[in-house]
2 protein chains.
Amino acid sequence: MEPVARWEPDSRGRLGRAALELFAERGFDDTTVEEIAAHAGVSERTFFRHFADKREVLFAGSGNLQTLLVDAVIAAPRTASPMEAVAAALESTGPFFEERRDFARQRQAVITANAELRERELIKMATLASTLADALRQRGVKEPAASLTAEAGIAVFRVAFERWITDSQRRGLSRVIRESLAALRAVTAEA
Amino acid sequence: MEPVARWEPDSRGRLGRAALELFAERGFDDTTVEEIAAHAGVSERTFFRHFADKREVLFAGSGNLQTLLVDAVIAAPRTASPMEAVAAALESTGPFFEERRDFARQRQAVITANAELRERELIKMATLASTLADALRQRGVKEPAASLTAEAGIAVFRVAFERWITDSQRRGLSRVIRESLAALRAVTAEA
DNA sequence: ACCAGTGATGACAGTCGCTGTCATCAAGGA
DNA sequence: TCCTTGATGACAGCGACTGTCATCACTGGT
């Protein structure tokens, strides 16, 4: 006889998958936390032990992206200008998302369909910008250059990500990021 | 005898003032909607008839700002570049906030102190950016220039607004906006 | 003067997100 | 063997928000 563990392992992972599946099927509002928990075979209380709130289950992985970006900014050559460092960091996320394209699409569709989820996504992006600004200051960049570079960089990422997700020509994310940054440079130079 | 009206007029305004007062005093989380309603002399249900949710009471006036900006973008001279049009619109909000400096400070302090309120503010800003992008497209600006100009413009506004609120030298908002835009131009040119 | 419609409100029940608290029980040492 | 350490379930409770119905001043037409 296998010694049966008291609980199935990875309840957190099961909760995450159940949530995305149910949100995609019936929508965020029409899915209760109790249903997600039941689908994952745990109690509602356990859901809230793993995720601070119902929305957070879709954003638990955002720490990875943050680490990726910050590390890349820090690793950029000393000679790189602030915007060059941020640009390099953004482009370096290409493979990360390229590997998870289907997941990213489904998740993004769920988020786009719900205002509360869009709110949460925005604050994650803002946190990202703030962390990026910190990393730039560590490189010796002063204010307001650090904040503005970070904010502009995130704006570029958002625009590029949306274009990538909906791009019928399936251009690579890194490439779309490069093109979007060039477009930003063009409009700011015109002012 | 005065013919006593059945209800005091302007319950919406009273709710708004009561909410800001209580939020400033005890914080957003430690204030219940029932308390706000009682303070304004109405029922909790009436609060939710005027405001979609507890947070929205602090953002009801944001439509004014939106109108101000969109009108200014549309009114910008045809010869103005997209970023020039946005810059002019942003600067034109100076007097609007200058008149309400104390209110803006108190409101901003309440918002900054609470994560949920920061989320709501971000989505208002994003909506603003989106509306601004629409106005630019009406001027014939193509994508992604319209979105990027709008996003960058809002980023400038956010950075400038925060500097203005905390500025010990009390420089004017319009001036801080101009300086922040110049700083953005500098960092993007460097890339 | 009457009377039907309108609109803002109160009252009340109900759902759901979320929290605090306590008990349970497997696993891993000392 | 005993004690500690998680991870979990069970349950009560608060507060945000909604649906629904009743109330009643006001308004406009007759």
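The basis for the numbers below is simple: all heavy atoms, side chains too, and nothing from hydrogens, waters or symmetry mates. Since we're looking at a predicted model, the values are computed, not measured. Just so it is clear: chains get the letters A, B, ... in the order the sequence lines come, proteins before strands, and each one is counted from 1.
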So with a 6.0 Å cut-off around CD of E34(B), is the heavy-atom count from everything else above 12?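 Counting neighbours around CD of E34(B), 12 or fewer heavy atoms of other residues, nucleotides or ligands fall under 6.0 Å, so no.
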Can you check the [X] [atom1] to [N] [atom2] distance for me, whole Å?
X       : N       : atom1 : atom2 : answer
L58(A)  : dG17(C) : CG    : P     : 14 Å
E8(A)   : dG9(D)  : CD    : P     : 12 Å
E34(B)  : dA11(C) : CD    : C1'   : 12 Å
R120(B) : dA16(D) : CZ    : C1'   : 13 Å
F51(A)  : dT8(D)  : CZ    : P     : 11 Å
L15(A)  : dA7(D)  : CG    : C1'   : 13 Å

Taking side chain to side chain donor-acceptor pair (under 3.5 Å) as the test, write out the residues that go with [X], two or more places apart.
X       : answer
R175(B) : E179(B)
R139(B) : none
R12(A)  : none

Axis-to-axis angle between the two ends of the helix from dA1(C)-dT30(D) to dA30(C)-dT1(D) (five base pairs per end, rounded to 10 degrees):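 Axis-to-axis angle, ends of the helix: 10°.
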Nucleic acid contacts - residues 42-50 of chain A versus DNA chain C, non-hydrogen atoms under 4.0 Å: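 Residues of residues 42-50 of chain A that come under 4.0 Å of DNA chain C are, in numerical order, E44(A), R45(A), F48(A), R49(A).
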So which of residues 16-32 of chain B are in contact with DNA chain C, with a heavy-atom cut-off of under 4.0 Å?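 Nucleic-acid contacts, sorted: none.
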Once side chain to side chain donor-acceptor pair (under 3.5 Å) is applied, what residue pairs with a partner in residues 110-125 of chain A remain, sequence neighbours excluded?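 Listed by first then second residue: D53(A)-R120(A), E56(A)-R120(A), E56(A)-K124(A), Q108(A)-E121(A), E119(A)-R55(B), E119(A)-R120(B), R120(A)-E119(B).
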Is the phosphate of dT8(D) approached by S11(A) (side-chain N or O, under 4.0 Å from OP1 or OP2)?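 Yes, within the criterion.
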For V70(B), the rest of its hydrophobic cluster, which grows through side-chain links under 4.5 angstrom: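 Listed partners: I74(B).
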Please name all residues satisfying side-chain contact (heavy atoms from CB on, under 4.5 Å) with N64(A), sequence neighbours left out, ordered by chain then number.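 side-chain contact (heavy atoms from CB on, under 4.5 Å) check on N64(A) returns F96(A).
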For F59(B), is the NZ or CZ atom of R107(B) found under 6.0 angstrom from the centre of its six-membered ring and inside 45 degrees of the ring axis?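 Yes, R107(B) sits over the ring of F59(B).
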Non-neighbouring partners of F161(A) that pass ring pair (Phe, Tyr, Trp, His ring centres under 6.0 Å), sequence neighbours left out: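 In terms of ring pair (Phe, Tyr, Trp, His ring centres under 6.0 Å), with neighbours along the sequence ignored, F161(A) is linked to F97(A), F157(A), W164(A).
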Can you sort out the partners of F47(B) under ring pair (Phe, Tyr, Trp, His ring centres under 6.0 Å), two or more places apart, ordered by chain and number?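 With neighbours one apart ignored, the set is F51(B).
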Can you name the salt bridge (Lys or Arg N to Asp or Glu O under 4.0 Å) partners of E143(A), sequence neighbours left out?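 Listed in chain order: R137(A).
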